[in-house]
Amino acid sequence: MIKALFFRRFWLIRHRLKTTVSFMVLLPLLLHIGITMVMKNIVGQSMDQIPYDVWVFPGIVLLIASVSTFSLIYRDFFNLRIHKKSFIPITLAPYDKTHLVIGFLVISIIESTVYVITAMAVLTVLLSEPLNWSAYFIVPLFTFLYTFLLGNMIITFSVLTDRISTYLSITISVFLFILFATGVLVEFDFYPRTVGTLLSYSPLSMILSDLRGILFFDHLEWGPIIIPITIALGWTWMNGYLLKRKLKQ
């Protein structure tokens, strides 16, 4: 199933290769100009005296992973499903629905990793200080975990929602949450103490916080890794169950 989905996605990208490559290059540039260059003049440095453009680097990269994950899952689990196109025949394959969900998650992780590697190459040229070489191995690994969790979240509301207006409202809310409530733009110390503490316990926030800890302080905590993995594994099974109930198969 994963192999078939991979070649299906590869075929789709091949027929719009120029557009996809252009988007991969332009997206990090636009985010750098629209977010990093502006916020750098406001914040300057993080609480730990790290230049803002360096500190925000992993957040921008995971934001790009979020965009790529959404585009794939939206197309299959919402658009093609409600219009009863190719997604329905795929679900009739002799695989259980959890296996199907895992297949789409794996493909979204692979595609997000390509986006992330491209974004890192583009953003590295624009950084005021170079990152340690290990960052270019660590960030894609955390992208896997981040996409695994976020992909399950997007699958859930893609399966449960049938109206485009509702879906768009939920999507905008999710992206606003990612942008302002997971530590992508500013540290949680800038929030009121209670709010910042609550937001720091979000699984997505844990992943980004632990990633920064490794990149900037060589400090790894296993809790912020194990908790999101456990949640994502249970969520994958739940999404398989929801898909089965939704399709009545």
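As the structure is a prediction and not an experimental result, all values here were calculated from the model.
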Heavy-atom closest pair, residues I138 and I214: CD1-CG2, 3.5 Å

Looking only at heavy atoms, what is the nearest atom pair of F216 and P58, with distance? CZ-CD, 4.3 Å

Check: S112 side chain, I109 main-chain N or O, donor-acceptor pair, under 3.5 Å: no

Count I, L, V, M, F, W, Y as connected when their side-chain heavy atoms are under 4.5 Å apart, and connections chain through other members. Are M120 and L131 then in the same cluster? yes

Between L198 and I231, is there a shared hydrophobic cluster once you connect ILVMFWY residues whose side-chain heavy atoms come closer than 4.5 Å? no

Of all the heavy-atom pairs spanning A65 and T143, show the shortest one and how long it is. CB-CG2, 4.0 Å

Would you say that I178 contacts L150 through its side chain, given a criterion of any heavy-atom pair below 4.5 Å between the two side chains? yes

pair I102-T236: side-chain heavy atoms closer than 4.5 Å: yes

Would L100 end up clustered with L233 when hydrophobic side chains under 4.5 Å apart are linked, directly or stepwise? yes

Polar contact flag, side-chain donor to acceptor under 3.5 angstrom, S158-Y167: yes

Looking at L179 and V184, what are the two nearest heavy atoms and their distance? O-CB, 3.8 Å

In this structure, would I64 and L127 fall into the same cluster of hydrophobic residues linked by side-chain contacts under 4.5 Å? yes

Are L30 and V125 connected in a single hydrophobic cluster, I mean Ile/Leu/Val/Met/Phe/Trp/Tyr linked by side-chain heavy atoms less than 4.5 Å apart? no

Can you sort out the partners of T197 under side-chain hydrogen bond (donor to acceptor under 3.5 Å, both in side chains), two or more places apart, ordered by chain and number? none

Check whether Y136 reaches the backbone of I117 with its side chain - one donor and one acceptor, N or O, closer than 3.5 Å. no

Side chains of F142 and D210: does their closest heavy-atom pair fall under 4.5 Å? yes

Looking at side-chain heavy atoms only, is the closest gap between L220 and I225 below 4.5 Å? yes

Donor-acceptor under 3.5 Å (S66 side chain, L62 main chain): yes

Within the structure provided, determine whether K40 and V56 are in side-chain contact (heavy-atom separation under 4.5 Å). no

Please say which of Y74, F78, F77 ends up in a ring-ring contact (aromatic ring centres under 6.0 Å, His included) with F104. F77

Side-chain (S205) to main-chain (L199) donor-acceptor, under 3.5 angstrom: yes

Is there side-chain contact between F144 and T113, with at least one heavy-atom pair below 4.5 Å? no

Quick one: are L29 and L126 in side-chain contact, heavy atoms under 4.5 Å? yes

Could you list the residues that satisfy side-chain hydrogen bond (donor to acceptor under 3.5 Å, both in side chains) with E221, not counting sequence neighbours? H219

Please tell me if the side chains of T118 and F23 come closer than 4.5 Å, counting only heavy atoms from C-beta onward. no

Could you point out which residue of I207, L208, V139, V116 forms a side-chain contact (heavy atoms from CB on, under 4.5 Å) with Y146? I207

Could you report the tightest heavy-atom contact between M153 and V174, atom names first, then the distance? SD-CG1, 4.0 Å

Between F175 and V67, does the side-chain contact (heavy atoms from CB on, under 4.5 Å) criterion hold? Intermediate values first, please. CA-CA 9 Å; F175 272 96; V67 173; 4.1 Å; yes

Which pair of non-hydrogen atoms, one from L185 and one from M39, has the smallest distance, and what is that distance? O-CE, 4.5 Å

For Y201, I'd like to know if atom OH has over 12 heavy atoms of other residues, nucleotides or ligands within 6.0 Å. no

Within the distance-only criterion (no hydrogens, no angle test), does the side chain of D48 pair as donor or acceptor with the backbone N or O of I50 below 3.5 angstrom? no

